[in-house]
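Okay, structure first, notes after.
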Amino acid sequence: MQFIDLAAQQRRIRDGIEERIRRVLDHGQYVMGPEVRELEERLADYVGVKHALSCASGTDALLLALMARGVGPGDAILTTPFTFMATAEVIALLGAVPVFVDIEPMTFNLDPACLERAVTALRSRNAALSPLPRPALESPLRPRGIIAVDLFGVPAEYDAIQAVADQHDLFVIQDAAQSFGAERYGQKACGMTSIGCTSFFPAKPLGAYGDGGMCFTDDAGLDDCMRSLRIHGQGHDKYDNVRIGINGRLDTIQAAILLVKLGIFTEEVELRQEAAQRYTDLILRHGAPVEPPRLPEGIVSAWAQYSVLARDGAHRAELLNRLKEASIPSAIYYPKPLHLQTAFKELGHEPGTFPVSESCARRIFSLPMHPYLTAPDQEKVIKALARH
Ligand SMILES: *Cc1c(COP(=O)(O)O)cnc(C)c1O
């Protein structure tokens, strides 16, 4: 059994992939070839936004979004500590300070109530209201924006997050690296805030055969700026540079591969819904000793992961061992919240600072999840967990 079975998917689409790659080899435009624009147009339509701009990774998508917002030293960006490194890394890379905000325990996403307190704490430099990073206590930081993450494929609570943002004049970026294909009250992920960012890393819901990413926006000005930033801050022609940018393009071959995968993507999102529902039914039927994921109203998850909670750290170790003995792969996303990572030690956060994130980091683990998971395999997984 595979944790994510990319080979099963490849068997379905191999001929189409070979044909599309052959066309790229024939025309030879390996950088910014016609497939790149075609993919951008198809994905803008899919999400329902005006502009989609491809780039080299999900990390670059977040970086371009922050750069287009002019984020730099002296700025504070609020985000969750329970996410992949890239979310907060891009903030620090630009010289700004990540201000972490604890999560809501049902969805593992940014808790809007904590977010409101954190903005107030930051403005008044009062860490009694909400934990603040050391740089925010040493000198005033300007709260500029929020990066909300749709962890495991579940869109964050954007109405409440946007309300806090509007009240304090902050922008919101959606880190939809795990939620491409998800919906919130009918709106597709990547279209829920001023800029949506996603990743095409192979294991993500829509994955390439290498790195890739995309930014989505309805704002023509932001789109123009990110297009320029993506190619060394270029102006009207190749050797006119109007700002400092990056080399952040998506390869034509990856765009070609993604166009083929897009052809089966809607069906795959549907298959993920069925697999997730089967897991939840099996957990209840077999009395497996874990908390299955629960979705808020109005949400369709992209089910990047099917993550469950054990009672505590020792219980998780025991359950992971049961899976291992049955040769079932599993993973822990994420064992260490970002505020406790060595890379962020300058922020001065101690264990206990964000208790919900830390408790989830001790208890959470993910089961094999992909569109081609079979019912008998899922039964095997849950029976292994339920063994007494
Ligand atoms: C994967 C991921 C990223 C980064 O995407 P890459 O394409 O690997 O650079 C950012 N945020 C989250 C939440 C992710 O899961």
Side-chain angles (χ1 to χ4, degrees), residues 1-11 82-84 103-109 150-154 178-179 182 201-205 207 268-296 299-337 340 351 354-388:
M1 196 182 314
Q2 302 287 315
F3 189 69
I4 296 179
D5 195 345
L6 292 175
Q9 183 198 50
Q10 194 191 101
R11 282 194 290 277
F82 198 57
T83 178
F84 180 60
I103 57 170
E104 189 276 315
M106 179 169 92
T107 58
F108 314 113
N109 287 333
D150 303 344
L151 207 69
F152 306 139
V154 177
Q178 300 182 14
S179 64
F201 181 78
K204 306 284 163 133
E268 287 191 338
V269 173
E270 189 50 46
L271 290 169
R272 286 175 188 270
Q273 309 306 314
E274 290 167 18
Q277 188 58 53
R278 276 199 304 266
Y279 263 145
T280 302
D281 293 346
L282 285 163
I283 287 171
L284 300 179
R285 180 165 354 126
H286 294 286
V290 293
E291 274 181 48
R294 285 180 299 135
L295 298 182
I299 296 290
V300 178
S301 175
W303 293 109
Q305 303 296 340
Y306 187 92
S307 303
V308 298
L309 290 168
R311 282 192 299 274
D312 52 38
H315 185 224
R316 176 175 69 183
E318 182 195 326
L319 294 176
L320 290 179
N321 202 43
R322 289 181 190 179
L323 293 177
K324 196 170 161 210
E325 281 173 1
S327 303
I328 294 163
S330 61
I332 299 177
Y333 302 115
Y334 294 93
K336 193 192 263 194
L340 301 179
F354 298 105
V356 183
S357 296
E358 291 171 40
S359 161
C360 289
R362 279 191 296 272
R363 297 163 60 209
I364 205 156
F365 63 102
S366 303
L367 304 178
M369 185 68 197
H370 57 84
Y372 307 102
L373 205 52
T374 64
D377 274 355
Q378 290 187 274
E379 182 143 5
K380 192 175 155 209
V381 174
I382 300 305
K383 279 186 167 164
L385 285 179
R387 182 166 63 83
H388 298 293

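Nothing fancy with the numbering, it's 1 onward along the sequence. Side-chain atoms are counted along with the backbone in the values below, which use heavy atoms only and exclude waters and symmetry mates.
Taking the side chain as every heavy atom from C-beta outward, P368 and I4 never approach each other to under 4.5 Å. For the pair M106 and P296, the minimum side-chain heavy-atom distance is below 4.5 Å. Counting heavy atoms from C-beta on, the side chains of M1 and P329 come closer than 4.5 Å.
P351 and L340 make their closest contact through N-CD2, 3.7 Å (heavy atoms, listed as atom of the first residue, atom of the second, distance). W303 and P293 make their closest contact through CZ3-CG, 3.7 Å (heavy atoms, listed as atom of the first residue, atom of the second, distance). Nearest heavy atom pair, residue I382 against residue L282, reads CG2-O, 3.5 Å. Listed here is the closest heavy atom pair of A361 and P335: CB-O, 3.6 Å. Between A302 and P205 the shortest heavy-atom distance is CB-CG, 4.1 Å. Closest non-hydrogen pair, A182 versus G153, comes out as CB-O, 3.3 Å.
Here the CZ atom belonging to R294 is positioned 14.5 Å from the OG atom belonging to S301, to the nearest 0.5 angstrom. The structure places OH of Y334 at 8.5 Å from CZ of F82, a figure rounded to the nearest 0.5 Å. For the atom pair L373 CG and Q2 CD, the distance stands at 11.0 Å (nearest 0.5 Å). Note that the CZ atom of F84 and the CD atom of Q178 stand 9.5 Å from one another [nearest 0.5 Å]. Rounded to the nearest 0.5 angstrom, F152 CZ and L295 CG are separated by 12.5 Å. In this structure, CG on L319 lies 11.0 Å from CG on L309, to the nearest 0.5 angstrom.
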Chi angles and distances behind the side-chain contact (heavy atoms from CB on, under 4.5 Å) call for V290, F365 = CA-CA 10 Å; V290 293; F365 63 102; 3.9 Å; yes
How far apart are the C-alpha atoms of L323 and L367, what are their side-chain angles, what is the distance that settles it, and do they pass the side-chain contact (heavy atoms from CB on, under 4.5 Å) test?
-> CA-CA 9 Å; L323 293 177; L367 304 178; 4.0 Å; yes
Could you go through the side-chain contact (heavy atoms from CB on, under 4.5 Å) check for T107 and L151 one step at a time?
-> CA-CA 8 Å; T107 58; L151 207 69; over 6 Å; no
Is there a side-chain contact (heavy atoms from CB on, under 4.5 Å) between I103 and F354 once you walk through the steps?
-> CA-CA 8 Å; I103 57 170; F354 298 105; over 6 Å; no
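For residues 301-310, there are no salt bridge (charged side-chain N to carboxylate O under 4.0 Å, His left out) pairs, not counting sequence neighbours.
For the side chain to side chain contact (heavy atoms under 4.5 Å, CB included) test with R363, the passing option among E358, E291, R311, H315 is E291; the others fail.
R316 places a side-chain N or O within donor-acceptor distance of the main-chain N or O of I364, the cut-off being under 3.5 Å. Without hydrogens or angle criteria, R278 side chain to Q378 main chain gives no donor-acceptor distance under 3.5 Å. Using a distance-only test at 3.5 Å, with no hydrogens or angles considered, no donor-acceptor pair links the side chain of D5 to the main chain of H370. In this structure, the side chain of D312 does not engage the main chain of R362 through any donor-acceptor pair within 3.5 Å. Side chain of E318 to backbone of A314: no donor-acceptor contact under 3.5 angstrom is found.
In terms of the side chain to side chain donor-acceptor pair (under 3.5 Å) criterion, residue partners of Q277 (sequence neighbours excluded) are, by chain and number, D281.
For the residue pair T280/Y306, the side-chain donor-acceptor check at 3.5 Å is satisfied.
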